[in-house]
**Q** 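The following block contains the structure, expressed as structure tokens.
The sequence lines fix the lettering, A, B, ..., with proteins before strands; numbering per chain opens at 1.
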Amino acid sequence: MNALPDSFYVRSDVTRIAKDLVGKVLVSTINGQTTSGLIVETEAYSYQERGCHAFNSRMTERNQVMFGAGGHAYVYLCYGVHHLFNVVTNVPGKAEAVLIRALQPLTGEPVMMTRMNAVNQSRITSGPGKLTKALGIDRTLNGATLRSSELWIEMGEQVPLKSIVVTTRIGIDYAGKDARLPWRFYWRGNEWISRP
DNA sequence: TAGAGGATTGAT
DNA sequence: TCAATCCTCTAC
């Protein structure tokens with residue numbers, strides 16, 4: 001394991017971290033089975049905007065992990081069906097996080113395909129709800145450090161800024177004008193992004 | 001304590 | 001276009 005240091009996560013610019021995470025490698029070892037993938041799509045969330053569960057620094061039982069130190073996992077259940085994985089950033093008290101929306105599989109593809117009940121590996125990690133299932137991530141990892149033996153993020157490829165597309169986030173129409181913030185980032189031309 | 005709705009997905 | 005599915009949050 002060669003996990004990114006806490007200093008990577010404990011920074012004050014969540015959009016910068018979201019951009020920096022594109023090209024990094026997310027690794028899980030669950031029940032002795034290792035799976036990993038290149039991060040190709042992310043979204044940033046901050047207590048300062050309405051798209052975020054912690055808007056206005058409102059802390060609840062669900063989102064309290066976001067109020068802790070950067071470098072931990074925030075995992076929650078969406079629509080009662082899908083687990084979504086976020087990376088908590090910034091210092092304690094400043095609730096910010098980066099949602100990992102899509103991966104390009106690197107290792108453990110057979111394990112992922114089994115978990116996904118898939119006959120081929122096409123698009124098995126192209127979406128926030130899919131990649132958590134493929135990597136075996138669920139709410140038992142909520143609050144876990146990203147320097148644990150089960151879940152961590154490593155250096156991957158250096159992605160030039162011009163290869164990162166900046167656009168608006170998906171599925172947060174309820175956020176009003178904040179839904180138009182250019183806080184979604186993805187690797188230009190990568191076939192594993194969740195949608196164009 | 002009841003009721004509404006969601007940072008999605010896959011099938012119709 | 002729509003149902004699945006259940007946890008969380010809000011209002012009463």
Side-chain angles (χ1 to χ4, degrees), chain A residues 9 14-19 21-22 24 26 37 39-68 70 72-90 94-105 112-144 146 151 153 164-187 191-196:
Chain A
Y9 305 101
V14 67
T15 60
R16 170 68 192 279
I17 298 171
K19 221 177 294 183
L21 279 169
V22 174
K24 301 290 188 291
L26 176 63
I39 296 170
V40 299
E41 180 180 340
T42 63
E43 286 180 358
Y45 289 87
S46 167
Y47 64 97
Q48 300 177 84
E49 48 84 22
R50 292 182 180 279
C52 183
H53 291 162
F55 172 60
N56 218 10
S57 290
R58 186 172 47 90
M59 183 161 66
T60 66
E61 192 170 345
R62 178 179 65 164
N63 71 19
Q64 62 176 331
V65 172
M66 285 180 75
F67 288 82
H72 292 75
Y74 171 41
V75 184
Y76 74 97
L77 186 64
C78 182
Y79 293 102
V81 185
H82 306 286
H83 296 278
L84 269 56
F85 169 68
N86 296 251
V87 172
V88 176
T89 70
N90 216 329
K94 303 217 168 180
E96 294 182 329
V98 177
L99 171 67
I100 307 300
R101 286 193 55 91
L103 302 176
Q104 174 179 332
M112 297 190 209
M113 287 168 56
T114 301
R115 287 176 179 150
M116 297 300 285
N117 218 3
V119 292
N120 64 64
Q121 63 168 281
S122 170
R123 304 193 63 73
I124 52 175
T125 51
S126 296
K130 295 162 79 171
L131 71 90
T132 52
K133 187 174 179 189
L135 267 65
I137 298 169
D138 62 24
R139 286 183 308 152
T140 62
L141 287 167
N142 185 43
L146 295 174
L151 188 65
I153 298 175
I164 296 183
V165 178
V166 180
T167 181
T168 52
R169 294 171 295 176
I170 288 174
I172 54 163
D173 294 343
Y174 58 82
K177 68 174 171 54
D178 289 333
R180 298 198 290 274
L181 289 170
W183 282 16
R184 176 176 175 232
F185 307 93
Y186 64 87
W187 202 332
E191 62 176 313
W192 293 90
I193 60 176
S194 63
R195 14 183 153 165

**Q** Write out all pairs satisfying side-chain hydrogen bond (donor to acceptor under 3.5 Å, both in side chains) with one or both partners inside residues 123-142 of chain A, taking only residues at least two apart or from two chains.
**A** A/Asp138-A/Thr140

**Q** So what does A/Arg139 hit on the nucleic acid, given a heavy-atom distance under 4.0 Å: a base, only sugar-phosphate, or nothing?
**A** sugar-phosphate

**Q** Which is the 5'-most and which the 3'-most nucleotide of DNA chain B that has an atom under 4.0 Å from a heavy atom of chain A?
**A** B/dG6 to B/dG10

**Q** Rounded to the nearest 0.5 Å, what separation is found between the OG1 atom of A/Thr167 and the CZ atom of A/Phe185?
**A**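 So the OG1 of A/Thr167 and the CZ of A/Phe185 are separated by 10.0 Å.
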
**Q** Please list, pair by pair, any protein nitrogen or oxygen found under 3.5 Å from a nitrogen or oxygen in nucleotides 4-6 of chain C.
**A**
residue, atom, partner, partner atom, Å
C/dT5, O2, A/Tyr79, O, 2.4

**Q** Sequence neighbours left out, what passes side-chain contact (heavy atoms from CB on, under 4.5 Å) with A/Ser57? Give chain and number order.
**A** A/Tyr47, A/Phe67

**Q** Give every residue pair that meets the salt bridge (Lys or Arg N to Asp or Glu O under 4.0 Å) criterion with at least one member in residues 40-49 of chain A, sequence neighbours excluded.
**A**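 Output for this query lists A/Glu41-A/Arg101, A/Glu41-A/Arg184, A/Glu43-A/Arg101, A/Glu49-A/Arg169.
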
**Q** Between the protein and nucleotides 10-12 of chain C, which nitrogen or oxygen pairs come in under 3.5 angstrom?
**A**
residue, atom, partner, partner atom, Å
C/dT10, OP1, A/Arg58, NH1, 2.7

**Q** A/Arg169 near the nucleic acid: base, sugar-phosphate alone, or nothing, with a heavy-atom cut-off under 4.0 Å?
**A**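 Result for A/Arg169 = nothing.
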
**Q** Can you find a pair of side-chain heavy atoms, one from A/Val87 and one from A/Thr42, that are under 4.5 Å apart?
**A** no

**Q** Contacts to DNA chain B from residues 116-127 of chain A, heavy-atom cutoff under 4.0 Å, which residues?
**A** A/Gly127

**Q** List the residues meeting side chain to side chain donor-acceptor pair (under 3.5 Å) with A/Asn86, not counting sequence neighbours, and say none if there are none.
**A** none

**Q** I'd like to know whether NZ of A/Lys94 has more than 12 heavy-atom contacts from other residues, nucleotides or ligands below 6.0 angstrom.
**A** no

**Q** Quick one: side-chain contact (heavy atoms from CB on, under 4.5 Å) partners of A/Arg180, sequence neighbours excluded?
**A** A/Lys177

**Q** If you measure from SG on A/Cys52 to CD on A/Glu96, what distance do you get to the nearest 0.5 Å?
**A** 8.0 Å

**Q** Kindly write out the residues that satisfy ring-ring contact (aromatic ring centres under 6.0 Å, His included) with A/Tyr76, not counting sequence neighbours, or none if the list is empty.
**A** A/His53, A/Tyr74

**Q** Could you provide the dot-bracket string of DNA chain C, using ( ) for intrastrand pairs, [ ] for crossing pairs and | for bases paired to another strand, with Watson-Crick or G-U pairs below 3.5 Å?
**A** ||||.||||||.

**Q** If I take atom CD1 from residue A/Ile17 and atom OG1 from residue A/Thr89, how far apart are they, to the nearest 0.5 angstrom?
**A**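 These two atoms lie 4.5 Å from each other.
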
**Q** Can you check whether A/Ile39 reaches A/Leu103 side chain to side chain, under 4.5 Å on heavy atoms?
**A** yes

**Q** Do any N or O atoms from the side chain of A/Asp178 and from the backbone of A/Arg50 form a donor-acceptor pair under 3.5 angstrom?
**A**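 Between the backbone of A/Arg50 and the side chain of A/Asp178 there is a qualifying donor-acceptor contact (under 3.5 Å).
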
**Q** Taking only residues two or more places apart in sequence or in another chain, which ones pass side-chain contact (heavy atoms from CB on, under 4.5 Å) with A/Gln121?
**A**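 Here the qualifying residues are A/Pro105, A/Glu109, A/Met113, A/Ile124, A/Trp192.
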
**Q** Is atom CG of A/Asn117 surrounded by more than 12 heavy atoms (other residues, nucleotides or ligands) closer than 6.0 Å?
**A** no

